[in-house]
Amino acid sequence: MSLFEGHLMSMKPDTKGFRGFAPARFFRSVPSWKAQQQGRPLNIERSLKVGVQTPGIVQEGMTEGELCEEPSPGSLGLVQKEDAVGSDRVLRVFLVACSASIMAAVSRTSFSVLAIPIQERFALSMADMGLIQSSLLFGYIVGQIPAGVLADNMGGISALVLGMAAWSLFGVFMLGIPMAGNPIAVLFLLRCGLGFSQSVLMPGISATSAQSFSPMERGDKTSGIYACYSIGTVASLIITPVMADSVGTFGTFTAFGVVGIICSIFGLLLLSEKPFHRLFGMNDILSGARQRVQRAPSKMQRKSQLARFRRHSGDLMLLCWTHAVIGFGFFVLQSWIPTFLHSLGVNNLYTLGMLSAMPWLLTAAVAAVSGRLSRYLEIKKKWNSLKVRRLFQIISSLGGAQCLLLLVFQSQNISPLIATASISIAVAFQGLCYPGFHSYVQDIASNDAGVILALTNSCSIAAGILGNVVTGHLAASTFGFRAVFALTAGLYLLSSITWFIGATGRPIRLTHLRNRLLRV
């Protein structure tokens, strides 16, 4: 050993203020060219406001075990400077996510429009149709946790493209239902597969926003993506009857499936300079993530895991409860608006379709405007992100409750136009959830946004299934739909109170949970 080397080894760096600094881990976190091709940014710019762990910096509330952890393999908490001001990469990711959102809405809503001719063709009872309608939600809720793990480790936008191709294939397969020996069983299985493949939608959008957009952009971009879902719903309600007259009932599903496959291929080309490597290299991405997480955690990490779950249990319960209330109102209103309008005397199918599309058209407009408004408040007015998220979610709950209470206290002979206007405004207030609740999840848990939203969305779907069952019984009672609107409004009011009290902005990190799920 030379004198110079011995002198270097004898030097002790001043670690004051740099507790937990790990040089090897720091340089491993610097994204490479390959990481850029996988959608990871180039420049290192951590945000302490959103609770992303920064190598070498001790954050408030972190345990010793968390200081020794590596950043999660699928986390894109690093923000590229060019992305923060709206780079070409961000625009392409945004457009692909919007196309996936539109095609998911079209694939899901088209069946609701064509349910009546399918029921007449196969002489199905209402019980059979209820089972087939619920089959999508069965597959949807089963796929939530795997989809969240996939989105966090593969990348949100990659998971969305893969999911769009999968659910489009199930749409193409619908063409063979009339030729099947047991068409009802085949229809049930295809609907379950459609729901399972679409389970990646919300975790994928959440992970995409957390990974690809800066904190200032998340409210705007998330609202825009979900606004496209409402646009897809409106487009499906209008286009599906016309398509059915031209290519038939099951030919409509096939046509929409072909369009979805084309959109997924186009999105693949738009996102990467080497699209086929990206398509067939997804196994390499997952296998690399598996190798990184299969290393046994240290004793210090295992000791901190239980303490972390205890610390985050209240926050997770709040998120699950809030999303459950959102899902209850969404699924109930989405499923029962046509039936409610029919009870008011609207019998023409085209009129019923147009009136049923109005709430979702207004929701798309509100979501787009609220996203821009949240961006304006954060950038121009310098509002704290937490203040914006809390405000928008509270307005969403209180506004929806007020509009539904108007329907409760109005007379039985309400005009269909006034009823449509009240319901449209109530549903439109859900457009404020995107810069509110959804952006809040991405802010406090950018590393685990996909998994956490998968957990909360599972509660939302379960609440939606329960809500449809309860609505059927209440609508058939002497109270009618007034009881349904009163129950939904009460849940909204209670949710606004719990959100005001519990949404403190404390960061959530569940990296150990995601890694254990990935090993399975």
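- Using a 4.0 Å cut-off between a side-chain N of Lys or Arg and a carboxylate O of Asp or Glu, Glu378 and Arg389 qualify as a salt bridge.
- None of Val325, Thr222, Thr322 except one satisfies the side-chain contact (heavy atoms from CB on, under 4.5 Å) rule with Phe437; the exception is Thr322.
- Residues Phe213 and Val93 meet the side-chain proximity criterion, which asks for heavy atoms closer than 4.5 Å.
- Note that the CG atom of Leu362 and the CD1 atom of Ile423 stand 12.5 Å from one another [nearest 0.5 Å].
- Within the 4.5 Å cutoff, the side chain of Val96 has heavy atoms near those of the Ile157 side chain.
- Ile465 contributes atom CD1, which lies 11.5 Å from atom OH of Tyr140 (distance to the nearest 0.5 angstrom).
- A donor-acceptor pair under 3.5 Å links the side-chain atoms of Gln211 to the main chain of Gly156, judged by distance alone.
- Atom CG of Leu137 and atom CZ of Arg191 lie 8.5 Å apart (nearest 0.5 Å).
- Within the 4.5 Å cutoff, no side-chain heavy atoms of Tyr434 are placed close to those of Ser439.
- Between the CG atom in Leu169 and the CG atom in Leu194 there is a gap of 11.0 Å [rounded to 0.5 Å].
- Donor-acceptor pairing under 3.5 Å is lacking for the side chains of Thr240 and Ser110.
- Contact check for Phe173 versus Val186: no side-chain heavy atoms found under the 4.5 Å cut-off.
- Checked by atom type, the side-chain pair Tyr229/Arg108 shows a donor-acceptor distance below 3.5 Å.
- With Phe250 as the aromatic partner, Arg121 does not meet the cation-pi criteria of under 6.0 angstrom to the ring centre and within 45 degrees of the ring axis.
- Counting heavy atoms from C-beta outward, Val90 and Lys221 have side chains that approach closer than 4.5 Å.
- The shortest side-chain heavy-atom distance between Leu237 and Thr109 falls under the 4.5 Å cut-off.
- The environment of CZ in Phe266 is sparse: at most 12 heavy-atom neighbours from other residues, nucleotides or ligands sit within 6.0 Å.
- Under the 3.5 Å distance criterion, the side-chain polar atoms of Asn457 are left unmatched by any main-chain donor or acceptor of Leu453.
- Closest heavy-atom contact between Cys459 and Ala324: O-CB, 3.9 Å.
- The shortest side-chain heavy-atom distance between Ile238 and Met354 falls under the 4.5 Å cut-off.
- A donor-acceptor pair shorter than 3.5 Å cannot be found between the side chains of Ser212 and Thr208.
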Would Gln430 and Thr363 satisfy side chain to side chain donor-acceptor pair (under 3.5 Å), going step by step from the backbone distance to the final call? CA-CA 7 Å; Gln430 287 206 354; Thr363 301; over 6 Å; no
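- Centroid-to-centroid, the aromatic rings of Phe330 and Trp360 come within less than 6.0 Å.
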Kindly determine whether Trp499 and Ser397 satisfy side-chain contact (heavy atoms from CB on, under 4.5 Å), including the steps that lead there. CA-CA 10 Å; Trp499 182 261; Ser397 301; over 6 Å; no
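- His323 and His438 have perpendicular rings, their planes meeting at more than 60° on a 0 to 90° scale where under 30° would count as parallel.
- Rounding to the nearest 0.5 Å gives a distance of 11.0 Å between CG of Leu175 and CG of Leu190.
- Distance alone, capped at 3.5 Å, is enough to place a donor-acceptor pair between the Ser199 side chain and the Gly143 backbone.
- No donor-acceptor pair under 3.5 Å is formed between the side chain of Ser236 and the backbone N or O of Gly232.
- For CE of Met243, the number of neighbouring non-hydrogen atoms (other residues, nucleotides, ligands) closer than 6.0 Å is greater than 12.
- Here the side chains of Phe111 and Leu136 are not in contact, with every heavy-atom distance at 4.5 Å or above.
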Candidate pair Val172 and Val258, rule side-chain contact (heavy atoms from CB on, under 4.5 Å), full reasoning: CA-CA 7 Å; Val172 172; Val258 171; 4.3 Å; yes
